[in-house]
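This report refers to the structure that appears directly beneath it.
Predicted model, so just to flag it, every value in this text is computed and none were measured. Both ligands and their constituent atoms are indexed starting at 1 by order of listing. One-based numbering along the sequence shown.
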Amino acid sequence: MRIGVVGVGAVGGFFGCLLSRAAAEVTLLARGAHLEAIRRDGLRVRSPLAADDGGEWVARPAATDDPALAGPQDLILFAVKSYDTEEVARIMAPMVASETTILCLQNGVDNEAKLAALYGEDRVLPGVVYIGAERVAPGLIEHRARGEILFGEAAGGRSERVERIRQVLAAAGIQVHAVDDIRSAKWEKFLFNVGLNAFSALTGGTAARLVATPAARWVFETSLGEALAVARASGVDLGEDVIERLVRTASAMHVTSSMEQDLSHGRPLELDTFNGYVVREGRRLGLETPVNATLYGVMEVRAEVGRG
Ligand SMILES: NC(=O)C1=CN([C@@H]2O[C@H](COP(=O)(O)OP(=O)(O)OC[C@H]3O[C@@H](n4cnc5c(N)ncnc54)[C@H](OP(=O)(O)O)[C@@H]3O)[C@@H](O)[C@H]2O)C=CC1
Ligand SMILES: CC(C)(CO)C(=O)C(=O)O
């Protein structure tokens, strides 16, 4: 199976490295200093899981910044930040053929529709990633926790291609689960990101800290509650106890978020994908979303001031 990785950052780099080490036919689409470092030193992943290999895995897959050189792929792992989705999706066109499946490994619930608008719904499989990782230098990913993919058919149920892809990912040592209801899994992760990402970036607090006191937990739970109302109005059923479940998950997580990392490095933020999406969809559906609107507005200014 020819596998293209589009967006070779924390997520794409981690899974691309594992696939490549397992001898899958992997091509990375990267650019600039990151591409140069990968070509020179390989794609490196520092991980607690790599203790037997001196703490670091190194893979040497094909790497290019030219989608035409990469050519058509059977599977594309799509893992750019959400604000780059449309542009990069267009650029990768030479990698997409009639049989290509695009597995979307991004957070948020609006990226798949952008990919489907260009390449058709049948080509796109939604995915959910649970991982703590960061690209800390050109060519180097630091993996800190977990590393799990959930994915499935957008319309639900199982398919032969999902099983085929699951087997290839599992054979590379990836924790991977084919799920029947990936839409709900995506929305559940989305709710978590709505509560965690901006709040942790603004405060520096870990997930556990954001639910440790009544005042902080109120912010976390209320932002989730607004997102849950949007989910329900969009026909997504996450069960009665989803907020309790996510508070329990947060209380055991001693990490901040990818947005906290992006803010501290002056990088763009996925704000429109998380709190911004809740505000926009809430407005469209006639729902009040004051906590998300506040997080959005405060975060917007914080990011601008941080960039100087
Ligand atoms: N990091 C984490 O722990 C987690 C992240 N996620 C989600 O996964 C998704 C990816 O996040 P993450 O891996 O952290 O993001 P990163 O910022 O680490 O990686 C994104 C990569 O996309 C690359 N890219 C952007 N545009 C282009 C282009 N035109 N050509 C080639 N490469 C390009 C960037 O390259 P360049 O540096 O050159 O811009 C960068 O290497 C997001 O939706 C995020 O929310 C989900 C779970 C956890
Ligand atoms: C929930 C978490 C922290 C890890 O999967 C994440 O999605 C992020 O940092 O964006």
Counting only N and O atoms by type, is there a donor-acceptor contact under 3.5 Å from the side chain of [X] to the main-chain atoms of [Y]?
{"X": "Ser251", "Y": "Arg248", "value": "yes"}
{"X": "Arg39", "Y": "Ala63", "value": "yes"}
{"X": "Asn275", "Y": "Val194", "value": "yes"}
{"X": "His34", "Y": "Val8", "value": "yes"}
{"X": "Arg123", "Y": "Ala97", "value": "yes"}
{"X": "Arg2", "Y": "Ala70", "value": "yes"}
{"X": "Thr222", "Y": "Val219", "value": "no"}

Per-atom contacts of ligand 1 with [X], taking only distances under 4.0 Å to non-hydrogen atoms:
{"X": "Val11", "result": "4 (C), 5 (C), 6 (N), 8 (O), 13 (O)"}
{"X": "Val88", "result": "26 (N), 27 (C), 28 (C), 29 (N)"}
{"X": "Asp84", "result": "25 (C), 26 (N)"}
{"X": "Lys189", "result": "46 (C), 47 (C)"}
{"X": "Ile131", "result": "3 (O), 48 (C)"}
{"X": "Ala133", "result": "1 (N), 2 (C), 3 (O)"}
{"X": "Leu105", "result": "8 (O)"}
{"X": "Ala79", "result": "10 (C), 20 (C)"}

Any Val255 heavy atom less than 4.0 Å from ligand 2 | no
Return the residue, atom name and 0.1 Å-rounded distance of the protein heavy atom closest to [atom].
{"atom": "atom 22 (O) of ligand 1", "value": "Gly7 CA, 3.4 Å"}
{"atom": "atom 4 (C) of ligand 2", "value": "Ile131 O, 3.1 Å"}
{"atom": "atom 10 (O) of ligand 2", "value": "Ser258 OG, 2.6 Å"}
{"atom": "atom 3 (C) of ligand 2", "value": "Leu196 CD2, 3.8 Å"}
{"atom": "atom 38 (O) of ligand 1", "value": "Arg31 NE, 2.9 Å"}
{"atom": "atom 17 (O) of ligand 1", "value": "Lys81 NZ, 3.2 Å"}
{"atom": "atom 6 (C) of ligand 2", "value": "Asn193 ND2, 3.5 Å"}
{"atom": "atom 9 (C) of ligand 1", "value": "Val80 O, 3.9 Å"}
{"atom": "atom 46 (C) of ligand 1", "value": "Asn107 ND2, 3.1 Å"}
{"atom": "atom 32 (N) of ligand 1", "value": "Leu29 O, 4.0 Å"}

Would you kindly say whether [X] and [Y] are connected by a side-chain donor-acceptor distance under 3.5 Å?
{"X": "Glu260", "Y": "Ser200", "value": "no"}
{"X": "Ser159", "Y": "Glu153", "value": "yes"}
{"X": "Ser223", "Y": "Asn292", "value": "no"}

Does Asn197 reach ligand 2 with a nitrogen or oxygen that is under 3.5 Å from one of the ligand's nitrogen or oxygen atoms?
-> yes
Distance from Glu221 atom CD to Ile243 atom CD1, nearest 0.5 Å?
-> 6.5 Å
May I ask you to check whether Phe190 and Tyr277 place their ring centers less than 6.0 Å from one another?
-> yes
Which is it for Arg135 and ligand 1 at heavy atoms under 4.0 Å: side chain, backbone, both or neither?
-> side chain
Quick look: Asn111 vs ligand 1, heavy-atom contacts under 4.0 Å, and the answer is neither
Salt bridge flag under 4.0 Å for residues Arg267 and Asp262 = yes
Any protein heavy atom lying closer than 4.0 Å to atom 7 (C) of ligand 1?
-> yes
Please work out whether the ring planes of Trp57 and Phe14 are parallel, tilted or perpendicular, with thresholds of 30° and 60°.
-> tilted
Out of curiosity, is Glu270 lining ligand 1, as in a heavy atom under 4.0 Å away?
-> yes
With a 4.0 Å cut-off on heavy atoms, is Met259 touching ligand 1?
-> no
Honestly, for Lys189 the part within reach of ligand 2 (heavy atoms, under 4.0 Å) is side chain
